[in-house]
Amino acid sequence: MKIVDAQVVVTSPGRNFVTLRITTDEGLTGLGDATLNGRELAVSSYLVDHVVPLLIGRDPHRIEDTWQYLYRGAYWRRGPVTMAAIAAVDVALWDIKAKAAGLPLYQLLGGASRDRVRAYGHASGRDIPELFDSIRARQAEGYQAIRVQTGVPGLTNVYGVRHGAAPAEGADRHPRPVVEDWDTAAYLRHIPGVLEAVRNEFGPELPLLHDAHHRLTPIQAARLGAALEPYDLFWLEDCTPAENQEGLRLVRQHTRTPLAIGEVFNTVFDYQTLVNEQLIDYVRSAVTHFGGVTPLRKLFDYAAQYQIRSAVHGPEDISPVGMAAAIHLDLAIHNFGIQEYSGHTAATDEVFRHAYTFTDGHLHPGEEPGIGVELDDALAAAHPYEAAYLPVNRLADGTVHDW
Ligand code: CS2
Ligand code: MG
């Protein structure tokens, strides 16, 4: 079999998605997600201008070799644009291989290690009553594990918190980045009381997660983790910008709250100290941003040696193609932890018809050969790209802060 064509489709059914479709001389096609929120066209260009010409004529079955060829061969390694582009190729090739075998992808990854995949959803509120309503809404949808984000008194615009009908994070199509505001001291004073209220209202059994979104220093994170221990979090996510991996030693010494990190990481090297020293409990990378199924499977196997589990990043900006690939991997690996799942707009689900299902808070990839996603080109074309930025974050004095 040979690759005869590869196209990049950029569509915006509510938000932008970048999809690679690889076609073979036998008529089989495969899809890969290359969406990098707020920088979509950079990945599209990387694929169209630099990668697609290299794919034509290659044997689509040689997934590992193609991955190494694109990663090592480029010389300029790592980075989100490169790794999202390689991920799209990798997933599209797995899709083709599984279709050629007539099997759903998870069967090629060793078969199911579980019957279904537990997902967590997002709840948020500007205040506690609004947050309670949001948690109840997620429970009504079936979620059995919930991430809680809350407004902070004195701050008007906080990451992850829904303002009225507006989307909570990143989906706004702003032609310039929205400026959010931040005050770490106010956040640290406020958040333990919120989690106490949620725990009291919803009881001891509901798994609760919280995302600090890279905003704390190691000592602030250590203090927060310790303060949250009575509320038994499933995890505290991205407590620091963890490219300073050694900083997690300090956090770990001071708290038994489980830690999850990695949604912005794109290679195993970003995790070495965190995993080798068992400084975290969950690795958070997405198939789409980590170079695909091939390297993410290796990361999970490496993490398993340290009793660290998977928790694949699954916000709305991972397309249904990236989500499907994640769910196949989740079903197959032994050290699965949990899958983030925000769902998509109805328009997105029409553009990307998918076999995976969400029932009673759990996902299943379905039994269609391949990853089980089809892209409707005509519908995709009806939703052209729209420039959109993620927000930026500033302190009260105007200093740009992590977000
Ligand atoms: C978030 C993301 O899902 C999460 O945990 O941190 O929503 C993140 O902000 C977006 O994916 C950025 O594109
Ligand atoms: Mg996060």
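Predicted model, so just to flag it, every value in this text is computed and none were measured. Residue numbers count from 1 along this sequence. Read the numbers this way: they start at 1 and go in the same order the structure lists the ligands and their atoms. Keep in mind that the numbers below use all heavy atoms, side chains included, and drop hydrogens, waters and symmetry copies.
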Q.
Less than 6.0 angstrom from the centroid, inside 45 degrees of the normal: does R215 satisfy that with respect to the ring of W182?
A. yes
Q: Check whether any N, O or S atom of D211 sits under 2.8 Å from the Mg ion (ligand 2).
A: yes
Q.
Would Y120 count as a polar contact of ligand 1, with the cut-off being nitrogen or oxygen pairs under 3.5 Å?
A. no
**Q.** Geometry at the Mg ion (ligand 2) - E263 OE1 versus E237 OE2 angle, rounded to 10 degrees
**A.** 90°
Q: Please determine, by modelled atom types, if Y385 and S44 share a side-chain donor-acceptor pair under 3.5 angstrom.
A: no
Q. Atom 2 (C) of ligand 1: which of H313, E237, E316 has the nearest heavy atom?
A. H313
Q. For the residue pair Y341 and F358, does the interplanar ring angle fall in the parallel (under 30°), tilted (30 to 60°) or perpendicular (over 60°) class?
A. tilted
Q: Go through the side-chain N and O atoms of S285 and E263 and say whether any donor and acceptor fall under 3.5 Å apart.
A: no
Q | Side-chain H-bond candidate by donor/acceptor type, D90 with T294, under 3.5 Å | A | yes
**Q.** Atom indices of ligand 1 within 4.0 angstrom of H213 heavy atoms, with elements
**A.** 1 (C), 6 (O), 8 (C), 9 (O)
Q. Counting each atom of ligand 1 from 1 as listed, which ones have a heavy atom of R284 under 4.0 Å away?
A. 4 (C), 5 (O)
Q) At a 4.0 Å threshold, what atoms of ligand 1 neighbour a non-hydrogen atom of D211? A) 1 (C), 4 (C), 5 (O), 6 (O)
**Q.** Y187 vs L224 side-chain heavy atoms within contact, under 4.5 Å
**A.** yes
Q: Provide the number and element of each atom of ligand 1 under 4.0 Å from a heavy atom of N37.
A: 12 (C), 13 (O)
Q: Go through ligand 1 atom by atom and flag the ones less than 4.0 Å from a non-hydrogen atom of P315.
A: 3 (O), 7 (O), 11 (O)
